[in-house]
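Below is one structure, written out as C-alpha cells; comments come after it.
These numbers come from the heavy atoms of this one structure, side chains and all, not from hydrogens, waters or symmetry mates.
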Amino acid sequence: MAAKTVLNYLDRDSMVHKMTGTTKLAFFLLFTFASMITYNIWVLLGLFAVSFVAFKLSKIKYREVRFMMIFMLVFLLLNNLFIFLFDPNQGTNLYGTRHVLCHLFWRYDVTAEQLFYMLNISLKYFVALPVAILFISATNPSEFAASLNSIGISYKVGYSVAIALRYIPDIQRDYHSISQAQQARGVELGKNEHFFSRLKNSVNILLPLILTSLNRIDTISNAMELRGFGKNKKRTWYTRRPFATRDFAALGLGVVLLVVSLMVTIKFGRFYNPFV
C-alpha cells in the first residue's frame, strides 16, 4: 500500500496552479498580514470566504489535506483550552464588559466576552491555515525557489527550501517503508497496540530513518558540488513563468484585502465589540 504523504505538491489543472510562484507567495504574505492585524469578526469572515473560494478554485480535495486540517483542529482546541485556563478573563479585559453565562469553579467563569474572543482566535486559524496549505500544495517547489529568488532572496537559499519541500514526502515514504519492515519483523505498530507501546516501538524506526536521511543528504550534496552549484552569483530558472492577467488580478485582490483590513482597524480598532 502506498504511503500517504502530507505537505507535498499536488498537481492540478486549476487557475491557482497556473499562477506564478511569485504571485502565490506575494498573495500569501498579503493575505496573512491582512488576517494578522485585525480581530474584527466581519473582516475575518470576509477573509474566510476568500480563503474558501481559493481552496475550491485549486481543485484540491479535502481528503488530500485531511491530516493537516485535523491537526489544525486539535491544535486549535488545545490553544483555546490553554487560553481559558491561563486567563479566563482575557476577553472581558479586552472588551471592557462582563456577561457571565455560568460559573465553573474558583476564578473560572464562562463569559460571553471570552467565548467571543476565542471564536475570533479560532476564525483567524481557519482564515490563515487553509491558504498556507494551499500555497504549499499548489506551488511546485522549483517554482517556489524561483519566486523567492525573484524577490531578492539568494538562489542558494531558495534552492535549499525547494529541496526541503521535495524531501518531506520522501521522508514520509521512508518512514512508511521502514514501519512496514519493522512490523514484518514482529514489532507491533498497529492500532490494536497500546499507545505507549506503539510510541516505544516507533523509536525503532527513528535510527534507520535518520541514517537513510543522512545518506540521501550526502548524495544530494555531492551531486550539487560536482555540478558546480553555487559558484556563480546568479542562475536561470527553468520553471519561472511570465506574469499573466490572473497574476495581476490576484495581486490586486491581495492588496485590496490588506488595505480594507488596515482601514477597518484604523477606523474602528482591532476588536469589534458587540457587547456595547
Side-chain angles (χ1 to χ4, degrees), residues 4-10 16 24-95 101 108 110-139 144 161 164-165 168 172 250 253-265 268-275:
K4 294 181 180 180
T5 59
V6 297
L7 286 179
N8 58 310
Y9 173 62
L10 302 172
V16 176
K24 284 179 275 192
L25 176 61
F27 180 83
F28 171 69
L29 294 176
L30 291 169
F31 191 86
T32 303
F33 290 150
S35 63
M36 286 174 58
I37 61 178
T38 184
Y39 281 85
N40 189 302
I41 191 170
W42 300 114
V43 176
L44 292 176
L45 286 173
L47 293 174
F48 175 73
V50 174
S51 176
F52 181 78
V53 170
F55 204 87
K56 283 294 184 180
L57 290 175
S58 70
K59 298 182 180 180
I60 293 176
K61 305 299 182 184
Y62 165 74
R63 64 176 181 271
E64 296 175 311
V65 294
R66 181 174 56 186
F67 175 82
M68 288 305 302
M69 292 296 186
I70 294 174
F71 180 81
M72 180 194 72
L73 289 175
V74 172
F75 180 81
L76 182 58
L77 290 173
L78 291 174
N79 183 60
N80 284 332
L81 175 63
F82 285 116
I83 287 175
F84 183 75
L85 288 177
F86 285 107
D87 192 357
N89 298 312
Q90 189 170 3
T92 59
N93 294 332
L94 289 172
Y95 296 111
L101 301 179
Y108 293 101
V110 178
T111 63
E113 289 81 0
Q114 184 69 17
L115 291 179
F116 187 70
Y117 171 70
M118 291 192 296
L119 173 64
N120 285 325
I121 292 289
S122 302
L123 194 54
K124 288 173 79 71
Y125 279 95
F126 279 106
V127 166
L129 190 61
V131 175
I133 294 175
L134 180 62
F135 172 66
I136 295 173
S137 302
T139 307
F144 181 42
V161 173
L165 290 175
I168 291 173
Q172 295 174 64
L253 177 61
V255 171
V256 168
L257 292 174
L258 179 59
V259 170
V260 169
S261 181
L262 280 171
M263 291 178 63
V264 172
T265 302
F268 301 102
R270 293 190 70 194
F271 299 91
Y272 167 73
N273 191 351
F275 305 105

Review point. Can you list the steps and then say if Leu44 with Thr38 is a side-chain contact (heavy atoms from CB on, under 4.5 Å)?
Key: CA-CA 8 Å; Leu44 292 176; Thr38 184; 4.3 Å; yes
Q. Step by step, would you call Val16 with Phe55 a side-chain contact (heavy atoms from CB on, under 4.5 Å)?
A. CA-CA 9 Å; Val16 176; Phe55 204 87; over 6 Å; no
| said: Between Phe126 and Ser51, is the side-chain contact (heavy atoms from CB on, under 4.5 Å) condition met? List the steps. | reply: CA-CA 9 Å; Phe126 279 106; Ser51 176; over 6 Å; no
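Residues meeting the side chain to side chain donor-acceptor pair (under 3.5 Å) test with Asn89, sequence neighbours left out: Arg98. Scored by the side chain to side chain contact (heavy atoms under 4.5 Å, CB included) test, Phe82 finds Leu78, Leu85, Phe86 as partners (sequence neighbours excluded). The side chain to side chain contact (heavy atoms under 4.5 Å, CB included) test applied to Ala250 returns Met19, Thr23, not counting sequence neighbours. Judged as a side chain to side chain contact (heavy atoms under 4.5 Å, CB included), and not counting sequence neighbours, the contacts of Leu30 are Val255, Leu258. Here Phe48 pairs with nothing under the ring pair (Phe, Tyr, Trp, His ring centres under 6.0 Å) rule; sequence neighbours left out. Taking Lys61 as the reference, Arg63, Glu64 meet the side chain to side chain contact (heavy atoms under 4.5 Å, CB included) condition, with sequence neighbours excluded.
Residue Leu129 holds its CG atom at 10.0 Å from CZ of Phe75, rounded to the nearest 0.5 Å. To the nearest 0.5 Å, atom CG of residue Leu76 and atom CG of residue Leu123 are 10.0 Å apart. A distance of 14.0 Å separates CZ of Phe31 from CZ of Phe135, quoted to the nearest 0.5 Å. Interatomic distance, Glu113 CD to Phe271 CZ, rounded to the nearest 0.5 Å: 13.0 Å.
With Ser137 contributing its side chain and Leu134 its backbone, the two residues share no donor-acceptor pair below 3.5 Å. Arg270 places no side-chain N or O within donor-acceptor distance of the main-chain N or O of Asn40, the cut-off being under 3.5 Å. Between the side chain of Thr265 and the main chain of Ser261, a donor-acceptor pair closer than 3.5 Å is present.
Among pairs with a residue in residues 114-131, those fulfilling side-chain hydrogen bond (donor to acceptor under 3.5 Å, both in side chains) read Asn80-Ser122, Gln90-Tyr117, Tyr95-Asn120, at least two apart in sequence or across chains.
What you find for Pro88 and Thr111 is that their closest heavy atoms are O-OG1, 4.5 Å.
Evaluated for a side-chain contact (heavy atoms from CB on, under 4.5 Å) with Val43, the options Leu47, Leu45, Ile41 yield exactly one hit, Leu47.
Two residues are said to be in side-chain contact when any heavy atoms from C-beta on lie closer than 4.5 Å; Ile121 and Tyr39 meet this criterion.
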